[in-house]
Visitor: 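Starting off with a structure, shown below.
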Amino acid sequence: MCGIIGYCGKKASSEVLLEGLKRLEYRGYDSSGICVDSPEGFKIIKKTGKLKNLLSIVPERPFGHNGIGHTRWATHGGVTDANAHPHTDCTGKISIVHNGIIENYETLRRLLKEKGHTFKSDTDTEVIAHLIESCYKGNLTKAVLEALSLLKGTYGLVVMHQDHPDVLVGARNGSPLIMGIGDGEMFLASDAAAIISYTKQVIYLKDGEVVTVTPDGFQTVDLDEKAVEKDIDVVEWEAEAYEKGKYPYFMLKEIYEQSKSIQRGMNGRIDMELATGHLGGLNMTPEELLKVERVVIIAAGTSYHAGLVAALLLENLARIPAHAEIASEIRYRNPIIEKNTLYFAISQSGETADTLYAMRELQRKGARVLGICNVVGSTIARESDGGVYIHSGPEIAVASTKAFTSQLTAMYIFTLIMARLRSMSYEDGSEFIKELTAVPAKIEKIFRNVENINIIAKKYCHTESFLFLGRGLNYPVAMEGALKLKEISYIHAEGFSAAEIKHGPIALINERTPSLFLVPDDRLHDKIISNMKEVKSRGGKIIAVAVENDEAVKGIADDVIEIPRASEYMYPFLMSIPLQFLAYYAALELGRDVDQPNNLAKSVTVE
Ligand code: AGP
């Protein structure tokens, strides 16, 4: 997902733009660039590779007062300096940065070429610059509006024109764009991370809105140029939340934040007196919740794994049929929307295209879809029919950790609500709350035994393949552990239901392929022990995540990671923490870019 920053005001804009791009690095990118006004005209500096490559060629002394910046994630056109943003028109007076995909750019490019326009890049974005040029008659906003009427596709974009040195025009359709309001200065950005150190006063643009900003104010219109009133929001997080602080990587910081982020996700949502929960954003009355006969959860990646856990818990405790589906699959399956089925879209970023488009398809067919998101004002959060913010705090590392356990927290509270509306007793509800609210302290206990995990990670990370095995609620956790390891250490890993190992995967067992078993002391404990014995008897190396002093496990496993005892329902929280650390330390040992791993972006806003 590309990163966008725009600034107009009294500060030296090159400095604001570069600082903003630093805070957008986490989204993943392959080139970056800025365009800054100057008395001699636009200064455009752009470069492939990491931001340090751009910083090495930008003038030391900050300059300019109006400017735009971009981190590019290549979609149309290779990773080259010429394809990096910003892009300009033929005159060089119009400069643009853009996030999204223009579907009819080839047709437009051909038509513009026929009119004599010459192109310097292979990108769809440059076509927008020339389109604006062809529509420009002195008013930049009008030219942008006219150009947008010819575009098909998605965009979050910011445009500047040399003849309007203190104006920026921003527009949004399908890719996020927010406006930051300063004192005598204004910002435009693809997310709050880029501007939080300057202002917490923001306005979230909606699809189909165009904003014209100057240092002293802004005007927002729709695509028909009708004025649109906008509310000012306040970003709930301090700038520190977007910084690594004392940690070497965001991922480590975010793993350690989980005892607090899970607690934050429960604050104000647990009702001890009635032994139930409260999720105001559901926009559903108890009567409506009682009518729900099925729950379907759609998501991608880690969020899908959270959905799998949630579906099992709903079925187990609330006695409601529930299942989770990969968003990109359900979208194209022409799903049947059954009456009294409640859908959830789980998405940390709230911008994942697969999940967003699947949600829209379900809504088009009449489904009610609730969003479980982390980023306030994100597209899924805004377009869903209600939902819950997980309040995990900004998750910057590409590998999702605290968002996963915060998604679980929200869905556990939803399950409690649904269960207590149905057959769950007051006593069982109270016990569930007692166990759930004890999770943060138990996670803190795991934090005190991390060195052992580091040793195990170093011992096994030079393998080509890793198996993760769990059962019941911990089967999705095994899948999540495999995803964590593969996405940041690049070791191939697969998560299985432990019983499944004998239906094929056991052929993979050898002394080089470690098998990590999740072994809670629940009713499936002994069955997992026998699955472990099957691996052991074939010479496989075994790592076990098990409760303290489990002698049966210690007698079989080559290495054990201990976690505190808990109710069987709470192990997905406790089991996932060691797996996050294991992935982190393996990646570290292998010298990987832990926060921005190979080929990955924090939010995948393309299909
Ligand atoms: C998980 O570590 C990955 N970053 C990825 O699988 C992620 O969970 C997935 O892309 C979904 O993102 P979302 O939660 O923002 O929708």
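Just so you know, ligand 1 is whichever comes first in the structure, and atom 1 is the first atom listed for that ligand.
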Visitor: With sequence neighbours excluded, what pairs up with Tyr204 under the ring-ring contact (aromatic ring centres under 6.0 Å, His included) test?
Guide: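 Counting only residues at least two positions away or on another chain, Tyr204 forms no ring-ring contact (aromatic ring centres under 6.0 Å, His included).
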
Visitor: Can a donor-acceptor pair be found, under 3.5 Å and without considering hydrogens, that links the side chain of Tyr490 to the backbone of Asn598?
Guide: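 Yes; at least one donor-acceptor contact below 3.5 Å.
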
Visitor: Tell me whether the rings of Phe344 and Phe414 are parallel (<30°), tilted (30 to 60°) or perpendicular (>60°).
Guide: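 The rings of Phe344 and Phe414 stand perpendicular, inter-plane angle above 60°.
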
Visitor: Heavy atoms under 4.0 Å from ligand 1: which residues qualify?
Guide: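 Correct list: Ala300, Gly301, Thr302, Ser303, Ser347, Gln348, Ser349, Thr352, Val398, Ala399, Ser400, Leu483, Lys484, Glu487.
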
Visitor: Are the charged groups of Lys602 and Glu395 less than 4.0 angstrom apart, N to O?
Guide: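 Yes, Lys602 and Glu395 are salt-bridged.
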
Visitor: Given 3.5 Å as the limit, does a donor-acceptor pair link the side chain of Glu315 with the main chain of Leu312, or not?
Guide: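 No, the answer is negative, given that no donor and acceptor are paired below the 3.5 Å cut-off.
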
Visitor: Checking Tyr247 against Tyr249 for the ring pair (Phe, Tyr, Trp, His ring centres under 6.0 Å) test, could you report, in this order, the C-alpha distance in whole Å, the side-chain angles of both residues, the deciding distance, and whether it holds?
Guide: CA-CA 5 Å; Tyr247 295 95; Tyr249 290 100; over 10 Å; no

